[in-house]
Amino acid sequence: GGAPILCDAEMVAHGVTRARLPAGNEVICTLRDPRTPELAKSLGDGGVETLVILGANPAYDAPADLNWAAAQAKAKTVVRLGYYEDESASGCHWHFPQAHFLESWGDAVTSNGTLVPIQPLIAPLFGGLADLEFLARIGGLAEAGAHKIVRETFAALTGDGSDAAWNMFLHDGFAKGTTASPVAGSLNTAAVAEALSGAARPAPSKDSLEVVLTRDIKVDDGRYSNNGWLQEFPDPITKIVWDNVVLVSRKTARELGVQNNDVVEVKAGGRSVKGAIWTQPGMADYSLGISLGYGRKVKGRVAVGVGFDAY
């Protein structure tokens, strides 16, 4: 097969563009795909000739135990399409500028299977490449224009490539007749109950705290951390700006003997991070809440050095 292609969106991983990859390339979403650890091990063992990264930043947000940056360095050639010169870009042999999604042609499938178009609002300002254009060029396709590829896909899925049908598709915002057929199914409640019973854990306590990692409301998984306006925007719950913290309930704070702004060390799975305590009314007792997306080392002058990296 061809080089594995990494992305950070389930929609891309399962999208219609996959059919245009000519070499049986694996498309892996680094967020939850169980093949990610396998790929990291193969990289570390020197078993990957060429790695293609499509917008993702695994050197920053891949699970820490994968030691992704060191594993990625073992690949003979690393090619990446991305918005920023960030943690993953610094370890690539080739880095191509990615066009913003508002500058790009594309298509997608809704939850019920309906094909919808993605139309650009403006032409690319800085000569970036759309996902489709990048994959078409990597795959050596004869047609590399995103607009033409989207139109070819529309014609193949609807059976009508006429100008009238295409214009109606763009006008309506969806392709009629592409909705998936419903499939009858049933829920095995006994199997669900059995699976849940095997996954039962003891309740958290003062001596066995629970750590909950969440995407940040402002900077998401870190992709918007170089936006000063978002850093300045108060968190809607804690009102904190320019930082992430270790959230605890009032009861937990009292029992642990900590108060706001105390710097604590949180250890889990043999790794640790340090952050400031913040007591939050309504927080579950014996749970520690930590936002991801901070502690960037390579991103831009706004993001670097803000908060701590909980990945």
Student: Going by heavy atoms in the side chains, are Tyr286 and Lys206 under 4.5 Å from each other?
Tutor: yes
Student: Measure the spacing between CD of Glu255 and OG of Ser249 and express it to the nearest 0.5 Å.
Tutor: 8.0 Å
Student: Tell me the closest heavy-atom pair linking Asn57 and Asp61, and the distance in Å.
Tutor: O-OD1, 2.9 Å
Student: Taking the side chain as every heavy atom from C-beta outward, state whether Phe154 and Asp107 have any pair of such atoms under 4.5 Å apart.
Tutor: no
Student: Given side chains that start at C-beta, do those of Ser90 and His95 come closer than 4.5 Å, heavy atoms only?
Tutor: no
Student: Between Asp235 (side chain) and Ile237 (backbone), is there a donor-acceptor pair under 3.5 Å?
Tutor: yes
Student: If we count only N and O atoms by modelled type, under 3.5 Å, do the side chains of Trp105 and Gln119 hold a donor and an acceptor together?
Tutor: no
Student: Tell me if the CG atom of Leu209 is crowded by more than 12 foreign heavy atoms within 6.0 Å.
Tutor: yes
Student: Please report the shortest heavy-atom distance between Lys74 and Leu43, naming the atom on each side.
Tutor: CB-O, 3.0 Å
Student: So which atom in Asn244 and which in Gly307 form the shortest heavy-atom distance, rounded to 0.1 Å?
Tutor: OD1-CA, 3.3 Å
Student: Could you tell me whether the side chain of Arg271 reaches within less than 4.5 Å of the side chain of Tyr311, counting heavy atoms only?
Tutor: no
Student: Check for me, please, whether Leu81 and Ile138 land in the same ILVMFWY cluster - side-chain distances under 4.5 Å, paths through other members count.
Tutor: yes
Student: Does the side chain of Thr114 come under 3.5 Å of the side chain of Thr178 through a donor N or O and an acceptor N or O?
Tutor: no
Student: Could you go step by step and tell me if Val302 and Trp242 meet the side-chain contact (heavy atoms from CB on, under 4.5 Å) rule?
Tutor: CA-CA 10 Å; Val302 173; Trp242 290 93; 3.8 Å; yes
Student: Considering all heavy atoms of both residues, which atom of Lys297 and which atom of Asp309 are nearest to each other, and what is their separation?
Tutor: NZ-OD2, 4.2 Å
Student: Can you tell me how the ring of Phe96 sits relative to the ring of Trp94, calling it parallel under 30°, perpendicular over 60° and tilted otherwise?
Tutor: parallel
Student: Under a 4.0 Å threshold between the charged nitrogen and the carboxylate oxygen, would Arg254 count as salt-bridged to Asp285?
Tutor: no
Student: Measure the CZ-CD distance between Arg137 and Glu143 for me, rounded to the nearest 0.5 Å.
Tutor: 10.5 Å
Student: Can you find a pair of side-chain heavy atoms, one from Gln231 and one from Ser225, that are under 4.5 Å apart?
Tutor: yes
Student: How many angstroms lie between atom CD1 of Ile240 and atom CG of Asn260, to the nearest 0.5 angstrom?
Tutor: 8.0 Å
Student: State, yes or no, whether a side-chain contact exists between Val246 and Phe308 at a heavy-atom distance under 4.5 Å.
Tutor: yes
Student: Can you name the closest pair of heavy atoms from Tyr60 and Ser88 and give their distance?
Tutor: N-OG, 4.5 Å
Student: Starting from the C-alpha separation in whole Å, work towards a yes-or-no answer on salt bridge (charged side-chain N to carboxylate O under 4.0 Å, His left out) for Asp86 and Arg80.
Tutor: CA-CA 11 Å; Asp86 49 27; Arg80 180 174 187 253; 3.1 Å; yes
Student: side-chain contact (heavy atoms from CB on, under 4.5 Å) between Phe101 and Tyr83: does it pass, once the steps are laid out?
Tutor: CA-CA 10 Å; Phe101 69 90; Tyr83 285 137; 4.2 Å; yes
Student: Under a plain distance cut-off of 3.5 Å, with no hydrogens placed, do Ser162 and Asp160 share a side-chain donor-acceptor pair?
Tutor: yes
Student: Just wondering, do Phe134 and Gln98 contact through their side chains at under 4.5 Å, heavy atoms?
Tutor: no
Student: Please lay out, stage by stage, how Val192 and Leu196 fare under the test side-chain contact (heavy atoms from CB on, under 4.5 Å).
Tutor: CA-CA 6 Å; Val192 172; Leu196 291 177; 3.9 Å; yes
Student: Could you tell me whether the side chain of Leu288 reaches within less than 4.5 Å of the side chain of Val248, counting heavy atoms only?
Tutor: yes
Student: Carefully, step by step, assess Leu39 and Leu51 under the rule side-chain contact (heavy atoms from CB on, under 4.5 Å).
Tutor: CA-CA 10 Å; Leu39 176 58; Leu51 176 69; 4.2 Å; yes
Student: Looking at CD1 of Ile118 and CG of Asp131, how far apart are the two atoms once the value is rounded to the nearest 0.5 Å?
Tutor: 9.0 Å
